[in-house]
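Written out below as structure tokens is the structure these notes cover.
The first residue of the sequence shown is numbered 1, and numbering continues consecutively from there. Counting convention: from 1, in listed order, for ligands and their atoms alike.
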Amino acid sequence: MEKIIDEKKQGTALVLEEKKNNTRKLFIESYGCQMNFSDSEIVASILADQGFNTTQNLEDADLVLVNTCSIRDKAEQTVRKRLEKYNAVRKINPKMKIGVLGCMAERLKSKFLEEEKMVDLVVGPDAYKDLPNLLEEVDAGRNAVNVILSKEETYGDIAPVRLQSNGVSAFVSITRGCDNMCTFCVVPFTRGRERSREPQSILEEIDDLVAKNFKEITLLGQNVDSYLWYGGGLKKDFEKASDFEKATAVDFAQLLNTVATKHPKTRIRFTTSNPQDMTLDVVKVVAANANICNYIHLPIQSGSDRILKEMNRLHTRQEYMDLIDNIKELIPDCAISQDIISGFPTETELDHQDTLSLMEYVKYEYGYMFTYSERPGTMAARKLKDDVPEDIKKRRLAEIHTLQRVHSHYRHKAYLGKTIEILIEKTSKKSDQQWSGRNPQNIMAVFPKEHYKVGDFVNVRIEDCTSATLLGTAVGYSENN
Ligand code: 5AD
Ligand code: SF4
């Protein structure tokens with residue numbers, strides 16, 4: 001499962017480079033994980049060929065699309081509020097059509113049309129190529145739905161249009177779907193079975209990004225470690241592959257190594273890793289390639305063996321700790337971040353203490369932490385009562401947050417007095433005199449702009465820090481520049 005985008009950045013309307021002869025206006029917003037933002041770039045690309053340019057102005061739009069997230073109830077409530085807003089605007093602009101994309105479309109299917117009566121179009125994550133046909137229906141005044149999940153679709157043949165990009169960092173999707181069936185998670189139902197994208201199309205997309213001067217590429221998938229290309233088809237059908245297909249198969253460690261060695265001056269990141277699927281080969285590839293960032297997002301969800309089992313996470317606390325030890329041995333300065341869920345059904349105070357003690361062991365650089373939200377249709381919803389009271393979930397989450405802040409601060413303090421490489425991404429939110437960018441460990445640093453510009457790799461001496469940011473002064477370009 002990939003990490004969820006910072007909530008403040010969610011929902012931003014995206015701007016597409018204008019195509020001259022396009023006359024219709026598309027307003028598209030994305031919620032949830034990076035995969036949705038990446039998918040919206042594919043949708044915008046498909047619709048650019050159908051005569052649409054994007055607009056940031058909702059009032060002007062002929063077509064409004066919202067790419068949705070179902071991971072927690074709160075994410076769905078946010079989308080419902082947006083749908084109300086679109087419908088209010090539609091009163092002034094009655095020609096406006098409204099469509100729902102992504103996980104909520106897949107989860108609720110045509111119920112959206114029946115119950116909500118607020119949308120004209122419902123399209124699941126594997127059906128975006130059908131948008132031209134579906135729009136014809138909508139233009140003819142009929143509602144349209146396609147939520148068929150696919151065994152092959154990877155959109156490898158569609159060149160995504162980079163929307164609202166800083167021109168420095170880009171995401172390249174390498175797998176779709178997930179086969180892990182964690183009991184709390186709706187993703188396997190909304191995004192379907194796991195399939196990998198052809199390596200050649202991944203490499204071509206990255207070549208193109210590098211040629212356009214992008215400096216940092218993040219390989220994206222719900223579970224990147226599980227990447228496996230053997231000529232197409234579902235991951236779960238690999239056993240049925242021919243001897244030739246097996247012998248020429250490409251796994252994640254190989255793909256990562258190929259990408260990194262082909263573009264030694266480009267920073268390479270990947271997300272999300274899954275502890276049960278991450279191999280030592282992947283860790284070794286990270287260690288062996290200077291341009292692969294020493295940062296691994298490695299969700300744990302809970303530190304209790306009993307809860308991990310209930311979650312169907314197919315590893316133990318000890319196995320996770322062993323993996324962390326191996327990573328730290330091979331890559332001593334590797335930063336690690338977590339996802340943790342508080343208040344999973346049956347979680348006791350002791351289980352919660354196990355989570356806190358595991359955090360103490362790892363001392364994560366960063367974390368994405370949530371209270372458990374029961375998702376209809378998941379195994380946990382079917383088999384387990386959501387029995388941890390909301391106030392207890394929240395109190396435990398607050399304790400997890402507090403501990404994470406302590407650990408982030410502890411990790412950041414280790415950089416004081418050191419000089420580290422930062423890739424400049426944008427003007428700092430706090431001051432237009434300062435740049436902000438990240439080091440390979442994915443920690444944000446802020447420093448005076450001087451003569452540097454967006455996209456530069458600079459060495460920054462760190463003088464101060466908070467639990468969120470490093471503060472410093474640039475001392476020159478890094479050798480990567
Ligand atoms: N409730 C709370 N958090 C969840 N996540 C996934 N499903 C749920 C749920 N039902 C969290 C997990 C995952 C991250 C992306 O979202 O921590 O790793
Ligand atoms: Fe991630 Fe598990 Fe959900 Fe797959 S099922 S997306 S591994 S949390």
Taking [X] first and then [Y], would you say they form a salt bridge - that is, a charged N and a carboxylate O separated by under 4.0 Å?
X: E41; Y: R162; value: yes
X: E205; Y: R197; value: yes
X: R306; Y: E347; value: no
X: E84; Y: R80; value: no
X: K111; Y: E106; value: no
X: R176; Y: E153; value: no
X: E216; Y: R269; value: yes

- Message: Within the structure, is a non-hydrogen atom of R313 found at a distance of less than 4.0 Å from ligand 2?
- Response: yes
- Message: I'd like to check whether F184 has a polar contact with ligand 1, where a contact means an N/O of the residue lying under 3.5 Å from an N/O of the ligand.
- Response: yes
- Do you see an N/O/S atom of C182, backbone or side chain, under 2.8 Å from atom 3 (Fe) of ligand 2? no
Mark up the atoms of ligand 2 that fall under 4.0 Å of a heavy atom belonging to [X], in ascending order.
X: V187; value: 6 (S)
X: P188; value: 5 (S)
X: F184; value: 8 (S)

- Pick whichever of S70, A381, S373, P299 has a heavy atom sitting closest to atom 10 (N) of ligand 1. S373
- Item | Six-ring centre of F370, R72 cation under 6.0 angstrom, axis tolerance 45° | yes
- So, D351 versus S304: side-chain donor-acceptor pair below 3.5 Å or not? yes
- Message: If we count only N and O atoms by modelled type, under 3.5 Å, do the side chains of S373 and D73 hold a donor and an acceptor together?
- Response: no
Those atoms of ligand 1 less than 4.0 Å from some heavy atom in [X]:
X: Q301; value: 12 (C), 13 (C), 17 (O), 18 (O)
X: R72; value: 1 (N), 2 (C), 3 (N), 4 (C), 5 (N), 11 (C), 16 (O)
X: D339; value: 13 (C), 14 (C), 15 (C), 17 (O), 18 (O)

- Query: ligand 2 versus N274, non-hydrogen atoms closer than 4.0 Å: side chain, backbone, both, neither?
  - Reply: side chain
For ligand 1, which part of [X] has a heavy atom less than 4.0 Å away: the side chain, the backbone, both, or neither?
X: F370; answer: side chain
X: I71; answer: both
X: T371; answer: backbone
X: E374; answer: neither

